**Student:** 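My questions will all concern the structure given below.
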Amino acid sequence: MQVPNHVQEHIDTIAKHEQEFLARRSPAERLGDLTAAIVGNLGFVAVHIVLFFSWIIVNTLHLPRIPHFDPMPFQLLATVVAMEAILLASLILMRQSRLARRADEREHLVLQILLLTEKEVTAVIGMNQQIAHKVGLADMENSGEIEQLGQNTSIDEVAQDIQRSLSEDSK
């Protein structure tokens, strides 16, 4: 099944925006993405389990020709794990911050498109009312609901109504 041409144009536009977003990443952001890709899988966890288990075995059992380099309570292991946790948490938080900025950009784009769509639909309703008047469709022309939909919507008023409603719900 072939995607309609206008849908493919939208897909291409979205893909272009995502590619541009990825291309604008700084080296630190690229490192954060790479780190998240590596640590965010089961293989990373499995390797750590094997390493920790091996570390503990080597430092508790008496194995020939292998000295204990980190005796109990494994302070060196604890230090290494803590440092790794700090670095991983920092890199992942950097990535999450960047993704949140991208989500904000998308939300602003969607809001702009919705505001434009609302204006366009209001204009179309107005034109339809004029057509209804010219062709003698009094029911359509004088419909209160259509009349109301044909008026401009104040986004500020809608936002204030939403805020009032949310503040009343939280009480």
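Just so it is clear, the model here is predicted, and its values are computed rather than measured.
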**Student:** Would you check, one step at a time, whether the test side-chain contact (heavy atoms from CB on, under 4.5 Å) holds for Phe52 with Phe74?
**Tutor:** CA-CA 10 Å; Phe52 296 156; Phe74 310 116; over 6 Å; no
**Student:** Do other residues, nucleotides or ligands put more than 12 heavy atoms under 6.0 Å from Phe53 CZ?
**Tutor:** no
**Student:** Drop me the distance from Leu166's CG to Arg164's CZ, to the nearest 0.5 angstrom.
**Tutor:** 11.5 Å
**Student:** Got a second to check how far Glu29's CD is from Leu99's CG, nearest 0.5 Å?
**Tutor:** 9.5 Å
**Student:** Determine whether more than 12 heavy atoms belonging to other residues, nucleotides or ligands lie under 6.0 Å from atom CD of Glu20.
**Tutor:** yes
**Student:** Is there side-chain contact between Glu9 and Asn5, with heavy atoms separated by less than 4.5 Å?
**Tutor:** yes
**Student:** Which value, rounded to the nearest 0.5 Å, describes the distance between Leu116 atom CG and Gln112 atom CD?
**Tutor:** 8.5 Å
**Student:** Please check if any side-chain donor atom of Asp156 sits under 3.5 Å from a side-chain acceptor atom of Gln160, or the reverse.
**Tutor:** no
**Student:** Roughly how far, to the nearest 0.5 Å, is the NZ atom of Lys16 from the CZ atom of Phe21?
**Tutor:** 15.5 Å
**Student:** Please answer whether the main-chain N or O of Asp70 pairs with a side-chain N or O of Asn59 as donor and acceptor at a distance below 3.5 Å.
**Tutor:** yes
**Student:** Would the His48 and Phe44 ring centres measure less than 6.0 Å apart?
**Tutor:** yes
**Student:** Let me have the donor-acceptor pairs involving side chains of residues 91-98, under 3.5 Å, with sequence neighbours excluded, atom names and distances please.
**Tutor:**
from: Arg95; atom 1: NE; to: Asp33; atom 2: OD1; distance (Å): 2.8
from: Arg98; atom 1: NH2; to: Asp33; atom 2: OD1; distance (Å): 2.3
from: Arg98; atom 1: NH2; to: Asp33; atom 2: OD2; distance (Å): 2.4

**Student:** Is it the case that the side chain of Glu84 and the backbone of Val81 share a donor-acceptor pair, with hydrogens and angles ignored and the cut-off at 3.5 Å?
**Tutor:** no
**Student:** Measure the shortest side-chain to side-chain distance between Arg106 and Glu18 over non-hydrogen atoms and say whether it is less than 4.5 angstrom.
**Tutor:** yes
**Student:** To the nearest 0.5 Å, tell me how far Thr117 OG1 sits from Lys119 NZ.
**Tutor:** 12.0 Å
**Student:** May I have the step-by-step check of side chain to side chain donor-acceptor pair (under 3.5 Å) for Thr122 and Glu118, ending in yes or no?
**Tutor:** CA-CA 6 Å; Thr122 300; Glu118 192 279 330; 2.9 Å; yes
**Student:** Would you check if the side chain of Thr60 reaches a backbone N or O of Ile56 as a donor-acceptor pair within less than 3.5 Å?
**Tutor:** yes
**Student:** Begin from the C-alpha positions of His17 and Arg102 and carry the test side-chain contact (heavy atoms from CB on, under 4.5 Å) through to its verdict.
**Tutor:** CA-CA 11 Å; His17 283 276; Arg102 180 61 178 150; 3.9 Å; yes
